[in-house]
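Let me begin by presenting the structure, written as structure tokens, before commenting on it.
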Amino acid sequence: MSEQFEPTIIGFTCNWCSYRAADMAGTARMKYAPNVRLIRLMCSGRLDPTFIMKALASGADGVLITGCHPGECHYLEQNYKALRRYLLLRRVLKGMGIAPERVKLIWASAAEGVKLTNEINTFVEEIRALGPLGWNKKLAGNGHKIEEPVMEEVAA
Amino acid sequence: MSKYLYYPGCSMESSGKAYGESINTILEPLGIHFEEIEDWNCCGATEYLGINLIPAYSLIARNLALATKQMNGTNTVVAPCSACYLNLAKADYYMQERPALGEKVNEALEAGGLQYTPGTLDVRHLIDILVYDVGLDAIRSKVVRPLKGLKVAPYMGCMLPRPDYKHRWTDHEHPTELDDVLRALGADVIDYPLTSECCGGHMTQIGPETAFELIRRLVSDADERGAHLMATVCPMCQMNVDAYQNEMNHFFGSDYHMPILFFTQLMGLAFGREPGELGIGVELVSSRNALANIGVEVPVTQEPSAPRKKDEGLPMPKRWTKHEGKEAVK
Amino acid sequence: MSKPKFAMYWSGSCGGCEIAVINIHEKILDVDANFDIAFWPVAMDAKVKDVEALEDGAILLTLWNGSIRNEENEHMAHLLRKKSKILVAFGSCATEGCIPGLANLSPMQEIFDVAYHTISTDNPNNIHPQTVTKVPEGEITIPALKDRVHTLAQVVDVDYYMPGCPPESHQIAAVIDLVIQVLEGKAQLPPKGSVIGAGNSTVCEECTRKRNVKMIKAFHRIQEIAPADPELCLLEQGIPCNGPATRSGCNARCPAVGAQCIGCYGPAEGVIDYGARLVTAFASVIDANEPEEIERILDGIPDPTGQFYRFNLADSLFRAGSSAFKKNGH
Amino acid sequence: MPQMTNERVRARLSAEEDLSLLHEVSVKTAGVSHLEMCIQCGTCGGSCPSAMDMEHTPRMLFAMLRAGMRDDVLRSNTPWICVSCYHCVVRCPQEVHIADVMYTLKGMAIKAKLYKDSTAPDFSQTFVDMVETYGRSFEFGLASRHYLKHFPLRLPGMAPMGLGMITKGRMSMTPKKIKRMDELKAILNRANTLEMTS
Amino acid sequence: MSAKKLEKIGVYVCHCGSNIAGVVDVVDVANWAADKLGHQGVVIARDYKFMCSSLGQELIEKDIKELGLTRVVVAACSPHLHEKTFRTAAKNAGLNPYLVEMASIREQVSWVHTDKVVATAKAKAVISGTVSRVIENAALEDLKVPINPNTLVVGGGIAGIQSALEIANAGFHVYLVEREPSIGGHMAQFDKTFPTLDCSACILTPRMVEAGTHPNITLLTWSEVMSVTGFVGSFNVTIKKKARFINEPLCTGCGICQEKCPKKVIDDVYEAGLGYRKAVYTPFAQAVPKYPVMDKENCTYFLKGTCKACEKFCPTGAIDFNQKDEYINIEVGNIILATGYDLFDARRVSNYGYGRLPNVFTSLEFERLSNAAGPTNGDIVLRDGKTTPKSVGIIHCVGSRDKNFNNYCSVICCMQGLKFAHLVHERTGATVYNFYIDMRTAYKAYDEFYQRVLEEGTLFVRGKVAEVTDAARNEHEKGKLIIQTEDTLIGKQRRIPVDMVILSSGLQPRYDAKDVGKLFGISCSMDGWFTEKHPKLDPVATMTEGIYIAGCAQGPKDIPSSVAQGAAASARVLDKILQKEVVLEPIKASINQEQCSGCRICNNLCPFNAILFHEDRMVSEINPALCQGCGTCVAACPAGAISGTGFSNEQILAQIDGLLMDVNLVGA
């Protein structure tokens, strides 16, 4: 690993807007930080806080949630539910002593490849500034079950 | 008694004296108590803003900061002058819209041991609280001398209904608040499309030709529509239309005689006060004939003439004599 | 032939579970009738060495009550696991950490300070316990605390889980019946790892309160609403009731008497993180779309982490708050 | 033979556009100017009560800002003719804070000494001086000083009016002064050092 | 997670020519997958130039057949491109298509990153995640729903009429619902239509009659849709047929009732407030159907209990004061919404003086004014009803392209302005001014019309008008309306005195568009226009299967485009009808009835009303055909009783683990 801390970030994207924005960013060959690994959901409304906790507990340093702009949800209004859950989850994280800034919700339409890439780059820097979370290491060996397949390390 | 913080503004003590006097007569009957902001300073009118931003807004903000110290029970600041009203409201609004500005202004205020959080105060104009807090019915109920038969052109001026950061007025172009008040007083309010046009503002000072044209428009249209007089809510408007009307006439070779009074003076009249108590008569374009329409007798104030100390001849130069030269040679 | 052996052990917990077992009244006689009580410190005198002396798997059924707070707990857990055929995590502490688990939100030092050096503790000599203490007779040791509270399953393999703080007596009785029937060959044991002595839905299923679609405009603490509607779902009245996410089996005791469910029966079948279920459920039915408004409503839940993880923290995905890890690693 | 000003010479030699100008003005303006949003519809120029005396309509000025014509913009009399009636502001379909932009341009013109007629700047300055000495505006001092300098010829015509104001007690010849002038001075001094840059 | 038997997984890494291979070391990735993901069940990992090529697909099919793969992961482009391709391939080879997943290592890796090492590592992580996920995938069957061949068209304007006729002519039944007494919509109010200037009525009336008499069309005017349940293929719609107080079978449409009715009412719908109608009326002569309606609010009998003139004089006794509203229930397979637009209320722009200055007219008023069948029989006169204007100013963009009102272009105003200019010129010879910000005359023969109007001598002033006032500043302005604007092309303010001002008011969504959207389960844009499924490639479909939109309800547009959309929408409907059944993606949520505690948290989370609550059993259940698969309820269920196919908790949690595999290595 390089001197600089390279955060690992899980990104949850909406199938209709941000995932397509990511596609667009690709088609337009926009370059952005490689630290984010995307998971496609049908809608930000599908986002179960469990997923975010799971990601953070399993070694992610941050979680990026992206959905359609308010009023533009493919499913009419589900992104508002995502927003509500996000706001409450942040409070819980705070209570756990985890910087709420490690989880971020942004709106990006299918047309906003540029916005998405900028948001990703900004977020990566924000997380870099916060430093590693390494919850998986915190828990490792303390009876927490994480699959540990035998395999060599691949640089992140 | 509903209490408000009060920012009179500079003109209230000079050119707008009549405004101040008449306001004082209507407060009590309408159950309003004004608490003057202690050691308030000039709002900078439109001049300050044109020089330096931060000083301009700091100057205004000092008043807001001072006001916050006095807000027990109310956070409403009332300004009777449209320009003051706008500046105070504007500072409050922009300090919010542009945090950078807010911070700098507060940094400046600190130098005077002061500080203001935008949004703390609610800046409103006198007529706003009269219409929306006191209410037209309350006003109507105090009328003992309806202004029936007095044709009034309601002149709101420009800085009151615009830009209207907090959407207080019925309309930006043809606000009706003043019409409503005047109607409540029983006056015949004429349809005055120029109600929210500009009086020329400081142009009377820096570009008279421009100002005269604006004044002409106002006066001629009011005259055209048969108004006996104009009613205003702003000292600056009153000053321009009143004090410069002669010069304007001179400039255009016209001969308009359109008195302009503060709406509070008309309220005073309707509430039964006498012209004298309301500073009626100190206007330069006399409202005598206009008010005669409702049988109000305006005391005669002597027309302006050079005051003289002693009634004696003026000294003459010594007559010139040839000898002077010679003497000089000596 | 001799009766099968029964054991019950009390580790990090309040002891309520032991009382609950006694609470099954005469059923306790069936236990005695069907079992040879091998090890049950609360009920009868016994020494660890006796247990150590037993063959592995000699004990048929062990009910383990309590969390794994210190080295001794862990040691005993391994020992009893070795000696028992069936190990049951009995009660909330053993299954999910329960109240002791909340210690995982604070650093070790703080836990000690609160326990030994606060007003609530009479500690004139300011004694601070050490794992090893030198005395004339030599060294004496007390078990060291583990970095954080663990559930039983986090340190040893568990056969069955029986939730509840404490488990309801009727549920305990039922389980004992079941085991006896199994002994008599009249019934089958449920598959390993299943939850026994509880339902597989949530408290709402057993709750008799009226329910409608939920739209929450504000959260209140129960004492703020006086009196709460006795018929209507508490959550719909804005009282954060954990019932919707909490495993059934208690006959909705708390809601039945007008108190909100605090979640002692833990998560429902297949749920990975109990708190997450409440976060998502409560948030989903908030009736607002504007961030500011949502935040305002959320302010109604002063301590979300405590509200959602009162019993389940040690078994949550995070297991603990970050401060619990201050000591080991980063 | 027509006078060739240095700027005009410079303009011929280098036709470079100053694209930072628009941004600069936008930044120096109170509130959010929305200047870059102008669609050149002319609502402002159409609304302006004093447009007839302006060298450029506000709209043209904004176009010139875009073109980076710094000197021409700052030399224009337009901002000085603006009477701040806010008609353009409320009517602008793009919500440009036109009146405030005018204030900004005045300030910039004064600093760059690029206004033609010093009447307006002087008046503003005189006013500011008054306020900075008394904390209140002082109409008599203001008017007299101002008129003496700029409209000596108007004075006779004005005399009856001024006199009327005085005799009718509407213009006091002695200034009012606020109590804590030092406090205000301190604030203004600090403010002057903090002039808006970003 | 659980220790179930390993799946047999095939991993296929695509080079996409050099698109992927250029940045990601595909060979290394493939080897790594075969080696390091073996424990996950990966039995084969291949890399290939173009996986999507027929050869690439055959490769996969062959492995499925020969190695008996139970799961397939294709690491290539975005699933939005080729998911269907590879799932079909799997299907051909006898593997359930939903057991195939794609890992996007082109759009999300090779195209957006440059460092080969990093890119390769990320590709591995993405694949690892997809493999972990696909293990949890479940075999799914597409849902097939039969299509009811009947169609509901809401809105009887030109767009709705067009849709109805297209479908009816194809031999299928249509219910055409219109809330006004007659179909025809705004077009029926116009006189001429740009750019061809053919008479609106002449081209519209035949269509109206055809729709009114078509055997396959059930016309429901003076009616409104009250409720919609069901889903594509079988919607159940309740329609309120408002009481007309006319016994239709008896009514001959002779018009005597209107003639005799003593009550005159200002007609602010059809006549745009410029004319009168009676309390019992047909909005206009060519109305379809011919039956009048009685306006209860204004009818003297309903107000005072006396009069009944209409009843006395009706030759067929068709008047029925006791008639009640009627509720009709219909079953349809598809729905087309063509609910049109409202005109922007010009009074809001008070500086234009509409409502204060008599001779300021709105565009719709002018349409009536210039209409031969209008209140003035087509005479263009001032509000006094007699004076012909000598000069007319037409103001564009009233309420449009303005952040204070509607921040969009209303599309038709420029051409409408030109049309008005022509009509005024032709009928009065008056001087005509057009005030515009930008002339927008796109589309066939439009700019030519602009040329023509220029030729006719209309004066064009480029500038958004600042105000219209009656405050004259000099003699020649006296008694006129003065249009004050900046002529931006000369940079000077101008005051132009005219006799008449016409405001080209913009178009805006129907005041109740949002409610209608909710009723039919479709969404509106910020402005309030119905949102199409795709702005370019699917302009008449909506996010809700089986619901289509046409005409101005979707956004401002002129007659040709409205007609085109009407036809397009009906084409989409016919295609559905002819398929006889629709295939719905099996991405659905379902509730485990055992686990559901009936807490009702999920009940109002579904905008498609797919979740119903059984009061009797106290549990909630999801209607799979209504469910759109967003998964919001799945994420919300506190009891974890709701699961969602295609994106199950197991799949996503596994994917998270997979994605973080490298991070979780000991010592990492």
Side-chain angles (χ1 to χ4, degrees), chain D residues 26 31-67 69 72-73 75-102 105, chain E residues 344 346 348-353 393 395-410 413-414 433-440 460-469 471 473-474 477 481-496 501 503-506:
Chain D
S26 188
V32 182
S33 78
H34 296 298
L35 199 45
E36 63 291 340
M37 295 300 292
C38 173
I39 58 168
Q40 291 288 305
C41 67
T43 303
C44 42
S47 302
C48 187
S50 46
M52 67 277 175
D53 297 329
M54 289 179 171
E55 287 163 349
H56 311 91
T57 61
R59 175 195 59 82
M60 288 171 87
L61 225 49
F62 300 156
M64 289 156 73
L65 285 175
R66 281 182 177 155
M69 301 160 68
D72 309 65
V73 171
R75 199 177 287 104
S76 172
N77 75 342
T78 301
W80 304 103
I81 301 293
C82 169
V83 291
S84 338
C85 72
Y86 293 87
H87 252 131
C88 52
V89 177
V90 295
R91 289 175 183 172
C92 175
Q94 295 292 82
E95 296 175 343
V96 178
H97 286 349
I98 300 163
D100 294 297
V101 171
M102 292 301 162
L105 293 177
Chain E
F344 170 80
R348 289 174 62 196
V349 195
S350 53
N351 38 318
Y352 288 171
I395 302 178
H396 295 215
C397 300
V398 177
S400 310
R401 299 183 66 191
D402 190 331
K403 288 194 164 58
N404 303 303
F405 306 104
N406 292 325
N407 195 14
Y408 52 80
C409 169
S410 288
C413 317
C414 285
Y433 297 87
N434 258 271
F435 300 88
Y436 66 97
I437 305 176
D438 301 293
M439 281 308 288
R440 296 181 172 180
F460 286 82
V461 178
R462 190 198 172 281
K464 185 169 163 65
V465 169
E467 64 183 77
V468 177
T469 175
R473 288 185 194 170
N474 52 48
E477 287 182 355
L481 292 173
I482 304 102
I483 298 176
Q484 185 174 312
T485 183
E486 173 180 358
D487 186 327
T488 59
L489 301 180
I490 52 177
K492 286 268 165 281
Q493 187 182 89
R494 290 175 64 185
R495 282 171 62 89
I496 300 169
V501 171
L503 305 177
S504 259
S505 305

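The chains referred to below are lettered A, B, ... by the order of the sequence lines, with proteins before strands, and numbering in each begins at 1.
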- Message: Shorter than 4.5 Å, heavy atoms on both sides: which option in D:Cys92, D:Cys88, D:Ala63 has the most such pairs with chain E?
- Response: D:Cys92
- Query: Can you tell me how far the OG atom of D:Ser47 sits from the NZ atom of E:Lys464, to the nearest 0.5 Å?
  - Reply: 9.5 Å
- Message: Is E:Thr485 in contact with chain D via its backbone, its side chain, both, or neither, using a 4.5 Å heavy-atom distance?
- Response: backbone
- Could you tell me whether a side-chain N or O of E:Gln493 sits under 3.5 Å from a main-chain N or O of D:Ala51, the two making a donor and an acceptor? no
- Message: Could you report the tightest heavy-atom contact between D:Arg91 and E:Asn404, atom names first, then the distance?
- Response: O-ND2, 3.6 Å
- Evaluate the side-chain proximity of E:Lys492 to D:Met52: yes if any heavy-atom separation is below 4.5 Å, no if none is. no
- Query: With only heavy atoms counted, which part of D:Met54 is less than 4.5 Å from chain E, the side chain, the backbone, both or neither?
  - Reply: backbone
- Task: For E:Thr488 and D:Gln40, work out which heavy atoms get closest and say how close.
- Result: CG2-O, 4.0 Å
